[in-house]
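Atom set for the values below is all heavy atoms of this structure, side chains included, hydrogens, waters and symmetry mates excluded. Numbers restart at 1 for each chain; the letters A, B, ... are given by sequence-line order, proteins then strands.
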4 protein chains.
Amino acid sequence: MQSDTKPRWERRKDARPQELLAAALDLFVDRGYAATRLEDVARRAGVSKGTLYLYFENKEELFKAVVRDNIVAVIGRAEIDVAAADSTSCNELLRAMLRRWWADVASTRASGLAKLMVAEAGNFPEIARFYNEEVISRGHALIGSIVRRGVERGEFMPVDPEMMTRVLTAPVTMLMLWAHSFDPCCGPVDAEAFLDTWLGLVERGMARPV
Amino acid sequence: MQSDTKPRWERRKDARPQELLAAALDLFVDRGYAATRLEDVARRAGVSKGTLYLYFENKEELFKAVVRDNIVAVIGRAEIDVAAADSTSCNELLRAMLRRWWADVASTRASGLAKLMVAEAGNFPEIARFYNEEVISRGHALIGSIVRRGVERGEFMPVDPEMMTRVLTAPVTMLMLWAHSFDPCCGPVDAEAFLDTWLGLVERGMARPV
Amino acid sequence: MQSDTKPRWERRKDARPQELLAAALDLFVDRGYAATRLEDVARRAGVSKGTLYLYFENKEELFKAVVRDNIVAVIGRAEIDVAAADSTSCNELLRAMLRRWWADVASTRASGLAKLMVAEAGNFPEIARFYNEEVISRGHALIGSIVRRGVERGEFMPVDPEMMTRVLTAPVTMLMLWAHSFDPCCGPVDAEAFLDTWLGLVERGMARPV
Amino acid sequence: MQSDTKPRWERRKDARPQELLAAALDLFVDRGYAATRLEDVARRAGVSKGTLYLYFENKEELFKAVVRDNIVAVIGRAEIDVAAADSTSCNELLRAMLRRWWADVASTRASGLAKLMVAEAGNFPEIARFYNEEVISRGHALIGSIVRRGVERGEFMPVDPEMMTRVLTAPVTMLMLWAHSFDPCCGPVDAEAFLDTWLGLVERGMARPV
DNA sequence: AATGAATGAGAGTTCATTCAT
DNA sequence: CATGAATGAACTCTCATTCAT
């Protein structure tokens, strides 16, 4: 369909943003915000420095776009599923959501964004607020609704749903953070075993019944 | 408390490295490694940019010194206490250690080190390994010994001590990280309520006994 | 007025260079050569950036074309009129020419060219020389011929016609320059009042006492 | 007093701003704002690019500083002299001021700023306003006060002082503009002859017949 | 003829590091 | 010891110009 002699623009405008976002995600995640050079992002996406600026206004906007691009769809789908799962036991639903979070986000490259946000929240309060509203709050609301339902139905102990939600999400978040901080240099955590242990604890606690 | 034989400026001189390390810790924690300007560190310590180089070879060495300097002896004391607390119930001991960690480290300025390490471990593998050995591993060993003892004595459910240790420490670690990332711009977490909820869950889980 | 044999887009095509020149004049006048972006010129002319290069080799050539294109035939007509006005009093003729200059050029958009040339003459000596020959010199010759005639006929004081010509044109030129520099941000000058004051001074200062 | 082996900083901090301002004036004047590279300014001042930023926040601030540095003192002194010259004839005073303006500003390198302001007023409305207030308005007020006094005393024809002031300053301003636009490529104007012609015209045109 | 995606040299700006004083 | 002026490499961002479509 096309001669291969001078493929100056092999790819299409439509694909560029995604290619750039993918490249940016990779580099931001493993070098951090400041250490990521836009020229490297461009090169990894197979374009030149200037091209990047056709699609993103500046480095900060690129960063925001990466954050947006890697979190919205996942949360959106999860919200729908939870709303539809009224008949499932809350315990089952909670376990399913936490495992799904792991499978869909935490075990993927996108988990690096969590570390990135922890690292850069101080430098980008605006993005931190954005991430808090679009990711953390929505995630908490999702888990929180399950906890609340479970408490109301008498499936769960009578706990403070807000706090319990933070507690419930913390270990999975830590799994994400380890993956992009200590794991690479101090050996990886066995995530499956960790999750099993964690979900077991959630279900029944540490104390041995007498 | 301090000998008065030395003239004032010499006493100042001895304090310089500590003042610089303190200033550097604050800024590294707030802004991350790359975004921290040495000029700001110097100014905060009340000296000039050039003076900093009399005490630290370069930015990287300063960073390493900050990490090394802030690995305090808290763990050492805790290790002794745990070894001595043979008669205490493991449940009590575990709760005590987690609360103590919170009180002595996580709620203090030193907690910033945790965020710093999570943020920069990828860029400083060597120092991450060092931190892992001196802090994380020792902390895990400490908590792990309690868990193992509890399991052996039949106080705790038969869990994998290694994994359970990671699980047990994760929420408190998250509390430290939040304090230096999202808290400043998205409102603080109520740490006391969080800890209570967390320790409650650890003891008995979510499921309501029938 | 225009043949309808050509289809619409071809008529458009013929108009393109003029549309581009008009857009370029506006922007060059407002922002100067360097600060004018070719993309803005193209957009203002309703075409794409690439199209501009079909008509002009590069930015410099566009600039030169703008200057050349805007050197209108006004002077030519004025030259004829002056030659024909042998019987008019030189004072009347001089006043008429200065007012006409104002009415036909200085008060119109074309006056921007003067500002542009003052601003960019240093960077484009070649085009400055061209402008000098085609506009300034001819304009000076025109006014100069009236002055010389007036002096010869004893209507005017015995002045140096060359110098007096420069003097006579300066205030009207300034009016043109103000219109495209300070007027937009510091409020416009009342041109009519200015001209009246100016011509009054000229009349009293030029006329030979009887 | 000082060995000449390693004269890394030959000049003092105190002298730097002036050296940089002088270099910047030269380059801004003959290349225009945009075409002046800060590296060239620095090199001409004998320092490196970075040093420039120790003294001026950015290019725009440097530009403003150049404008400020080259106009204030002159106008200030003239204001004092005019206020003190109450007994001089207004005609004499006016001629003296115009000649002095020529001698102190218009014939010097600083006159390039007038051209620069005309060229860049559109791009820097803020500086244009500043220049208008600090230079043009003050200059006009100065000349205007002489005109008004002359009219009141019956030395001058009954003219509108505001307008006449603009008229009176226009030719000298044009002299400044020519010097930095057409003169270099089309041959210089004989400023002395021009001024004589101009002042002659002014004298005859302003003086009230007895 | 027209488009607009792509390029890459070039300019402004920052900051770790040096060193004469 | 302490200073802070000076440096220059490195990075972000711009825009004239090209060229496949």
Round to the nearest Å and state the distance from [X] atom [atom1] to [N] atom [atom2].
X: C:F63; N: F:dA16; atom1: CZ; atom2: C1'; value: 16 Å
X: A:L38; N: E:dT7; atom1: CG; atom2: P; value: 15 Å
X: B:L52; N: F:dC1; atom1: CG; atom2: P; value: 15 Å
X: D:N58; N: E:dT13; atom1: CG; atom2: C1'; value: 9 Å
X: A:E61; N: F:dT12; atom1: CD; atom2: P; value: 15 Å
X: C:R43; N: F:dC15; atom1: CZ; atom2: C1'; value: 13 Å
X: A:F28; N: F:dC11; atom1: CZ; atom2: C1'; value: 13 Å
X: B:E39; N: F:dT7; atom1: CD; atom2: P; value: 16 Å

Hey, does the side chain of [X] come within less than 4.0 Å of [N]'s phosphate (OP1/OP2), counting only N and O?
X: B:Y53; N: F:dT3; answer: no
X: D:T51; N: F:dA5; answer: no
X: B:S48; N: F:dA2; answer: no

(Q) Between B:E57 and D:R37, which residue's closest nucleotide on DNA chain E lies nearer the 5′ terminus? (A) D:R37
Q.
Please check: side-chain N/O of A:N70 versus main-chain N/O of A:V66, any donor-acceptor pairing under 3.5 Å?
A. yes
Q) Base, sugar-phosphate alone, or nothing: which one does A:L54 contact when heavy atoms must sit under 4.0 Å apart? A) base
Q.
Restricting to non-hydrogen atoms, name the atom on A:P17 and the atom on A:Y55 that form the minimum distance, rounded to 0.1 Å.
A. CG-CD2, 3.9 Å
**Q.** Nearest heavy-atom neighbours spanning A:S181 and B:A121
**A.** O-CB, 3.5 Å
Q. Is any side-chain N or O of D:K49 under 3.5 Å from a base N or O of F:dT7, one able to act as donor and the other as acceptor?
A. no
Q. Per the atom types in the model, does the base of E:dT17 pair as donor or acceptor with the side chain of B:K59 at under 3.5 Å?
A. no
**Q.** E:dA20: pairing nucleotide in any strand, Watson-Crick or G-U under 3.5 angstrom
**A.** F:dT3
Q) At what distance, to the nearest 0.5 angstrom, does CD of C:E61 lie from CZ of C:R68? A) 6.5 Å
Q: Could you please spell out the steps behind the salt bridge (Lys or Arg N to Asp or Glu O under 4.0 Å) verdict for D:K64 and D:E126?
A: CA-CA 10 Å; D:K64 286 188 195 175; D:E126 185 200 334; 2.5 Å; yes
